[in-house]
Amino acid sequence: MPLSRGHVHINSADPFEFPVIMPRFLTDEFDQQVAIAVARISRQLWTSRPFDGYVDDAYHDPKIGPNGTDSEYLEWLRRTSGPSSHWIGATAMMPRELGGVVDSRLRVYGTQNLRVVDAGILPFQITAHMMSTLYAVAQKAAQLILEDCH
């Protein structure tokens, strides 16, 4: 569960202009240390006896040998890493003063009649597939909308 946090900002008053998205992968020191440790353990796995004959050179890409430094691994990870899960948190449900975008009823702060009902409201990643969680969010959103209409 990464701790690095990026941001999304509106770039223009034109609704057809793309926003500025800054994912900021591997900017948290803990995330960096975890990624380096996983890379090292992966390399050890691919050079272990069960993989003899299947993997010719686990150190081919990157060409960091078994004694590579943390900075070498981190540079490689920054150059080659990308998202492998669902993007979340761009419209986080939390207090506005903490950077939140929607309130507990999924209403966007500073607007009227606008709600967000997707993974963007989750303030941090979950450790399971998103589908069941987002079904629950959608069901709760439908309930909130119906309540607010009466």
### Task
Any chance you could measure Phe18, atom CZ, to Ser12, atom OG, to the nearest 0.5 Å?
12.0 Å
### Query
Roughly how far, to the nearest 0.5 Å, is CG of Asp28 from CZ of Arg5?
8.5 Å
### Query
Are Val116 and Ile88 connected in a single hydrophobic cluster, I mean Ile/Leu/Val/Met/Phe/Trp/Tyr linked by side-chain heavy atoms less than 4.5 Å apart?
yes
### Residues, nucleotides or ligands: over 12 heavy atoms within 6.0 Å of Asp56 CG
no
### Task
Go through the steps for Val108 and Val101 under the test side-chain contact (heavy atoms from CB on, under 4.5 Å), then give the verdict.
CA-CA 6 Å; Val108 176; Val101 176; 4.2 Å; yes
### Query
More than 12 non-hydrogen atoms from neighbouring residues, nucleotides or ligands closer than 6.0 Å to CD on Glu97, yes or no?
yes
### Query
Is Leu26 linked to Ile64 within one hydrophobic cluster, defined over Ile, Leu, Val, Met, Phe, Trp and Tyr using a side-chain heavy-atom separation of less than 4.5 Å?
yes
### Message
Check the orientation of Tyr73 and Trp76. Use parallel for under 30°, tilted for 30 to 60°, and perpendicular for over 60°.
### Response
perpendicular
### Check ion pair Asp57-Lys63 (N to O, under 4.0 angstrom)
no
### Task
Kindly indicate, with the supporting measurements, whether the criterion side-chain contact (heavy atoms from CB on, under 4.5 Å) is fulfilled by Gln33 and Asp70.
CA-CA 8 Å; Gln33 294 306 310; Asp70 284 359; 3.8 Å; yes
### Query
In terms of hydrophobic clustering (I, L, V, M, F, W, Y; side-chain heavy atoms under 4.5 Å; direct or indirect links), are Val55 and Leu45 co-clustered?
yes
### Query
Which atom names give the shortest non-hydrogen contact between Leu144 and Ser104, and what distance separates them?
CD1-O, 4.0 Å
### Query
Do other residues, nucleotides or ligands put more than 12 heavy atoms under 6.0 Å from the CD1 atom of Ile10?
no
### Least distance between heavy atoms, Gly120 atom then Asp118 atom
N-OD1, 2.8 Å
### Task
Look up atom CE in Met94 and atom CG in Asp103, then write down how far apart they are to the nearest 0.5 Å.
13.5 Å
### Query
What is the minimum heavy-atom distance between Pro123 and Ala92, and which atoms define it?
CA-CB, 4.0 Å
### Task
Look at the side chain of Asn11 and the backbone N and O of Val20, then say whether any donor-acceptor pair between them is shorter than 3.5 Å.
no
#### Entry: ILVMFWY network linking Leu74 to Val34, side-chain heavy atoms under 4.5 angstrom
no
### Min side-chain heavy-atom separation Thr91-Arg115 under 4.5 Å
no
### Summary
One should read off an interatomic distance between His9 NE2 and Ile21 CD1, to the nearest 0.5 angstrom, of 11.0 Å
### Message
How about CD on Gln139, more than 12 heavy atoms from neighbouring residues, nucleotides or ligands closer than 6.0 Å, or not?
### Response
no
### Nearest heavy atoms of Thr27 and Ser4, plus distance in Å
N-OG, 3.0 Å
#### Entry: Short side-chain donor-acceptor distance under 3.5 Å, Gln143 and Glu147
yes
### Distance (rounded to the nearest 0.5 Å) between Glu75 CD and Thr80 OG1
8.5 Å
### Query
If you look at every heavy atom in Arg40 and Thr69, which pair is closest and at what distance?
NH2-C, 3.5 Å
### Query
Rounded to the nearest 0.5 Å, how far does OG1 of Thr133 lie from CD1 of Ile126?
3.0 Å
### Message
Is there a path of hydrophobic side-chain contacts, each under 4.5 Å between heavy atoms, that joins Leu114 and Val102?
### Response
yes
### Query
So which heavy atom on Thr47 is nearest to which on Asp52, and how close?
O-OD1, 4.4 Å
